[in-house]
Number of protein chains: 2
Amino acid sequence: MALNETLKAINDPVRRAILDLLKTSDWTAGEIAANFDLAPATVSYHLKLLREAGLITLNKDKNFIYYSLNLSVFEELLGWIYALGGGPHDR
Amino acid sequence: MALNETLKAINDPVRRAILDLLKTSDWTAGEIAANFDLAPATVSYHLKLLREAGLITLNKDKNFIYYSLNLSVFEELLGWIYALGGGPHDR
DNA sequence: CTACAATTTAGATGAAATTCGAAATAGGAG
DNA sequence: CTCCTATTTCGAATTTCATCTAAATTGTAG
């Protein structure tokens, strides 16, 4: 069940902040890490979780790794919320 | 940040199944617990987390406690996903 | 009032998640 | 080839989470 992985991935403030960062444009792992008061290894761990959940993709250039958002993964989560009745309502 | 609490609450298969159950109609804590191979105390723990996140509300009658869905809490989560660009797309 | 049924709270335990520093990898640059 | 920089992987320490059993609570019935 991918829903499980998606929810685990976004169930962390750091990882959500990473996604927010990538909304604007792509960044390297180092640039992303510079936004947090965390060891690079820790940010790398978060990037791995996001990658495994399919929420980001990477692109290597020289010895930099650029990360990009992949939003299609949210479809299943939105589908679950809508089915529950929690979608956008009129009024 | 309520988003944090919402995501923690739905980041568990048991709690999502409880929400799915309540989609149909309201149930007592005992009826809900009967749906899982877990101790009643464990289900009670999950109900508490859902309650604290505002995703369910309770209603006491005799010595039963009926639980109901409260979907308005999803608005913030949907707002975040939409802002990220992950909302429903055309095509 | 006493006994009972439904549910929660408390305390303990094992498993999973987050973090760090140190070591390993990968790929230029000189 | 050797060094340097960017990034990840590894192993350990700490924290958070899910679960259970046992005890407490709440409220109904008799």
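Letters A, B, ... are given to chains in the order of the sequence lines, protein chains preceding strands, and every chain is numbered from 1.
Side-chain atoms of A:Trp80 and B:Asp20 include a donor-acceptor pair closer than 3.5 Å. A:Asn70 and A:Thr57 are not linked by any side-chain donor-acceptor pair at a separation below 3.5 angstrom, with hydrogens and angles left out of the test.
One distance of note links NE2 of B:His46 with OG1 of B:Thr42; it measures 6.5 Å at 0.5 Å rounding.
Distance CG (A:Leu7) to P (C:dA17): 13 Å, rounded to an integer number of Å. D:dT8 atom P lies 14 Å from atom CG of A:Leu38, rounded to whole Å. Residue B:Lys8 contributes atom NZ, which lies 14 Å from atom C1' of D:dA18 at whole-angstrom precision. Rounded to whole Å, atom P of C:dA15 lies 17 Å from atom CG of B:Asp12. Separating the CZ atom of A:Phe36 from the C1' atom of C:dC20 is a distance of 17 Å, rounded to the nearest angstrom. One can place CG of A:Leu47 at 13 Å from C1' of D:dA6, the figure rounded to the nearest angstrom. Rounded to an integer number of Å, the gap from B:Tyr45 OH to C:dA15 C1' is 12 Å. D:dT8 atom C1' lies 9 Å from atom NZ of A:Lys48, rounded to whole Å.
Residue-level contact check: B:Ala29 touches the backbone only, with heavy atoms under 4.0 Å from sugar-phosphate atoms and none from bases. Residue-level contact check: A:Ala39 touches the backbone only, with heavy atoms under 4.0 Å from sugar-phosphate atoms and none from bases. Backbone-only engagement by A:Leu49 is indicated by non-hydrogen atom pairs under 4.0 Å involving sugar-phosphate atoms exclusively.
The phosphate of D:dT19 has OP1 or OP2 within less than 4.0 Å of a side-chain N or O from B:His46. Phosphate proximity of C:dT7 to B:Thr28: present, with a side-chain N or O under 4.0 Å from OP1 or OP2. One finds a side-chain N or O of A:Thr42 lying less than 4.0 angstrom from the OP1 or OP2 phosphate oxygen of C:dC20. Applying the 4.0 Å criterion to OP1 and OP2 of D:dT8, one finds that A:Ser44 has a side-chain N or O inside that range.
Using a 4.0 Å cut-off on heavy atoms, the residues of residues 50-69 of chain B that approach DNA chain D are B:Lys62, B:Asn63, listed by number.
Put simply, the side chain of B:Leu84 does not reach to within 4.5 Å of the side chain of A:Arg16, judged on heavy atoms.
Grouping the Ile, Leu, Val, Met, Phe, Trp and Tyr side chains by contacts below 4.5 angstrom, directly or via other members, places A:Ile81 with B:Leu69.
Considering B:Ile10, B:Leu55, B:Leu50 in turn, B:Leu55 is the only one that fulfils the side chain to side chain contact (heavy atoms under 4.5 Å, CB included) rule with B:Val73.
Proximity of a side-chain donor or acceptor of A:Arg51 to a complementary backbone N or O of A:Ile56 within less than 3.5 Å is not detected.
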